[in-house]
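Each ligand, and each atom within it, is numbered from 1 in the order the structure gives. Keep in mind that the numbers below use all heavy atoms, side chains included, and drop hydrogens, waters and symmetry copies.
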Amino acid sequence: MDFKLTEEQLMIQQAAREFAHQQCLPGVIERDENQIVPKDQLKQLANLGFLGMMTDPAYGGAGMDSVSYVLAMEEISKVDSSVSVAMSVNNSLVCWGLEQYGTEAQKQKYLIPLAQGMKDGELYIGAFLLSEPEAGSDATHQHTSAVKEGDHYIINGVKNWITNGSTASVYLVIAQTDYTKGHKGINAFIVEKNTPGVSVGAKENKMGIRGSDTHAVSFMDVKVAAENRIGEEGFGFNFAMKTLNGGRIGIAAQALGIASGAYELALAYSKERKTFGKPIHEHQAIQFKLAEMATKIETARLLCFKAAWEKDNHLDYTTTAAMAKLYASDVAMWVTVEAVQVHGGYGFVKEYHVERLMRDAKITQIYEGTSEIQKMVIGRSITR
Ligand code: CAA
């Protein structure tokens with residue numbers, strides 16, 4: 001067993017750390033406050049090759065491994081999870097799915113610019129449209145319909161909670177074609193946002209990741225060519241599930257970054273702040289908190305690495321990815337609450353960042369499968 005990172009992985013980690021500090025930290029509080037989408041930061045990520053990190057260079061990607069992706073996600077999420085969630089969705093849910101299951105024509109037309117993150121000098125990213133008002137955790141319960149008519153499908157319905165909802169140029173849309181077949185009647189489609197009949201709803205006013213644009217997207221008689229269907233007829237639900245397995249590694253790494261960002265701030269503060277004549281980290285009450293934070297974070301990191309390693313080695317990573325997300329998101333929530341506590345009153349004001357990290361942590365227990373869904377995935381796997 002080798003826990004040592006390679007030279008390349010260390011370089012990626014360093015590049016992500018510098019990017020987070022130099023490009024994401026300035027203005028992060030204002031972007032959060034005013035719900036400003038970090039488009040400049042996303043363009044810079046595209047230039048770094050981080051929007052298609054794991055995609056084959058033949059399709060516009062950087063050809064890195066999943067461990068590198070975890071490292072980059074952790075560093076960026078320490079500072080700004082509104083940037084890292086857009087990066088995660090584009091990498092895991094959009095580019096990976098297209099690379100694995102798309103046709104050569106789909107890859108040439110969509111994957112290359114999506115992995116590059118740019119087209120004609122403009123930001124070009126994707127979004128993953130599975131959730132609906134009545135189909136969140138119960139994802140087979142799709143109301144959005146895709147009716148086949150000759151060489152195209154007509155899509156009608158509403159999708160909810162869509163990350164990158166207005167920033168994305170391309171949507172991967174999950175919709176039901178044959179209601180008699182249950183989840184085997186579901187298809188996945190590539191739909192360009194500017195297709196007639198597609199409309200983006202108002203931006204959600206969220207507790208956390210406020211720079212990330214979350215929208216409902218509706219489809220009214222949207223005509224999509226059959227050649228834009230991903231995989232065989234009826235493959236859409238399996239496509240969504242397989243794609244989400246990798247997405248869960250990304251969100252686990254995001255949660256890890258939120259936790260380690262809050263821990264680093266709490267540690268630094270505990271060395272500066274003095275009470276009763278000594279730095280507060282010398283008080284056992286604080287030192288024990290820091291020790292517990294560090295231990296939980298290291299455990300979460302190992303789970304993220306293991307899931308990424310399994311993926312890189314073509315093993316079944318479904319269960320480990322679910323464990324990593326379940327555990328890391330709980331750690332993020334716990335650590336950020338404790339980091340606010342270590343900061344005392346200062347932790348409750350925005351300048352110290354930990355209150356934002358605490359708000360951002362919550363969503364990691366919800367999106368890409370709630371903690372309860374992760375327990376279902378793990379439970380089914382260990383009892384079958
Ligand atoms: N990996 C691969 N395949 C899977 C899978 C997984 N993790 N989970 C289920 N499947 C497959 C099953 O093998 C089965 O396939 P076959 O019929 O071909 O054998 C099929 O999917 C149906 O599975 P189930 O019978 O288990 O379906 P279910 O309805 O009982 O439960 C579920 C499925 C696991 C609960 C699923 O609905 C689920 O994961 N729900 C959560 C959805 C989710 O994560 N939503 C997040 C939204 S996306 C998002 O948040 C993105 C964003 O913008 C940030």
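The N/O atoms of Asp138, backbone and side chain alike, include none that comes under 3.5 Å of an N/O atom in ligand 1. Geometrically, ligand 1 and Val85 share no nitrogen or oxygen pair separated by less than 3.5 Å. Below 3.5 Å of separation, one finds no N or O of Tyr367 facing any N or O of ligand 1. Considering backbone and side-chain atoms alike, Thr318 places every N or O at 3.5 Å or more from each N or O of ligand 1.
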Counting only pairs under 3.5 Å, give me each side-chain donor-acceptor contact of residues 342-353, with atom names and distances, residues two or more places apart or in other chains.
unit_1: His343; atom_1: ND1; unit_2: Ala339; atom_2: O; d: 2.8
unit_1: His353; atom_1: ND1; unit_2: Arg356; atom_2: NH2; d: 2.8

Can you give the donor-acceptor pairs under 3.5 Å from side chains of residues 167-176 to other protein atoms, not counting sequence neighbours?
unit_1: Thr167; atom_1: OG1; unit_2: Asp213; atom_2: OD1; d: 2.9
unit_1: Thr167; atom_1: OG1; unit_2: Asp213; atom_2: OD2; d: 2.9
unit_1: Tyr171; atom_1: OH; unit_2: Gly165; atom_2: O; d: 2.6
unit_1: Gln176; atom_1: NE2; unit_2: Asp178; atom_2: O; d: 3.0
unit_1: Gln176; atom_1: NE2; unit_2: Gly182; atom_2: O; d: 2.7

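At a heavy-atom distance under 4.0 Å, only side-chain atoms of Asn238, from C-beta outward, approach ligand 1. When heavy-atom distances to ligand 1 are checked against a 4.0 Å cut-off, Leu93 comes that close only through its side chain, counted from C-beta outward. Only side-chain heavy atoms of Asn245 come within less than 4.0 Å of ligand 1; its backbone N, CA, C and O stay farther off. Counting heavy atoms closer than 4.0 Å to ligand 1, residue Ala139 contributes atoms from both its backbone and its side chain. In His183, the part holding a heavy atom less than 4.0 Å from any atom of ligand 1 is the side chain. Contact annotation for Glu372 and ligand 1: no heavy atom of the residue comes within less than 4.0 Å of the ligand.
Those atoms of ligand 1 with a heavy atom of Met376 less than 4.0 angstrom away are 35 (C). Listed by number with element, the atoms of ligand 1 under 4.0 Å from a non-hydrogen atom of Thr140 are 29 (O). Counting the atoms of ligand 1 from 1 in the order shown, those under 4.0 Å from a heavy atom of Thr163 are 52 (C), 53 (O), 54 (C). Here is the list of ligand 1 atoms found below 4.0 Å of a heavy atom in Lys184: 16 (P), 17 (O), 18 (O). The distance from ligand 1 to the heavy atoms of Ser131 drops below 4.0 Å at these ligand atoms: 47 (C).
Judged by distance alone, the side chains of Asn187 and Glu233 do bring a donor and an acceptor atom under 3.5 Å apart. A donor-acceptor pair shorter than 3.5 Å can be found between the side chains of Thr144 and Glu132. In summary, the side chains of Arg210 and Asn205 do present a donor paired with an acceptor at a separation below 3.5 Å, with no hydrogens or angles considered. For the residue pair Asp312 and Ser66, a side-chain donor N or O sits within less than 3.5 Å of a side-chain acceptor on the partner. Residues Glu18 and Gln14 bring a donor and an acceptor atom of their side chains to less than 3.5 Å of each other. Between the side chains of Gln254 and Lys325, no donor-acceptor pair of N or O atoms lies under 3.5 Å.
By the definition of a contact as any protein heavy atom under 4.0 Å away, atom 36 (C) of ligand 1 is in contact. By the definition of a contact as any protein heavy atom under 4.0 Å away, atom 13 (O) of ligand 1 is not in contact. Put simply, atom 16 (P) of ligand 1 has protein non-hydrogen atoms near it, under 4.0 Å away.
When only non-hydrogen protein atoms are considered, atom 40 (N) of ligand 1 lies nearest to Ser137 O, 2.8 Å. Ranking the protein heavy atoms by distance from atom 42 (C) of ligand 1 puts Gly136 O, 3.7 Å first.
Of the charged side-chain nitrogens involved, at least one lies within less than 4.0 Å of a carboxylate oxygen, so that Arg17 and Glu75 count as a salt-bridged pair.
Proximity of Arg380 to ligand 1 is established by a heavy-atom distance of less than 4.0 Å. Ligand 1 lies out of reach of Ile162, whose nearest heavy atom is not under 4.0 Å from it. Residue Ser88 places every heavy atom at 4.0 Å or more from ligand 1.
The shortest side-chain heavy-atom distance between Val94 and Tyr110 does not fall under the 4.5 Å cut-off. A 4.5 Å side-chain heavy-atom check between Arg359 and Asp32 finds at least one atom pair inside the cut-off. Annotation: side chain of Val354 is not in contact with side chain of Thr336 (no heavy-atom distance under 4.5 Å).
Listed here is the closest heavy atom pair of Ala127 and Val89: CA-CG1, 4.2 Å.
Closest to atom 23 (O) of ligand 1 by heavy atom, among Phe128, Tyr317, Phe237, is Phe237. Among Met241, Lys159, Gln254, the residue whose heavy atom lies closest to atom 10 (N) of ligand 1 is Met241. Closest heavy-atom approach to atom 39 (O) of ligand 1 within the set Glu132, Arg248, Glu368: this belongs to Arg248. Closest heavy-atom approach to atom 46 (C) of ligand 1 among the candidates Gly182, Gly369, Ala135: Gly369.
Aromatic ring pairs are classed by plane angle as parallel below 30°, tilted from 30° to 60° and perpendicular above 60°; the pair Phe128 and Phe239 is tilted.
Distance alone, capped at 3.5 Å, places no donor-acceptor pair between the Glu99 side chain and the Leu111 backbone. Side-chain N or O atoms of Thr195 include none that pairs as donor or acceptor with a backbone N or O of Val198 at under 3.5 Å.
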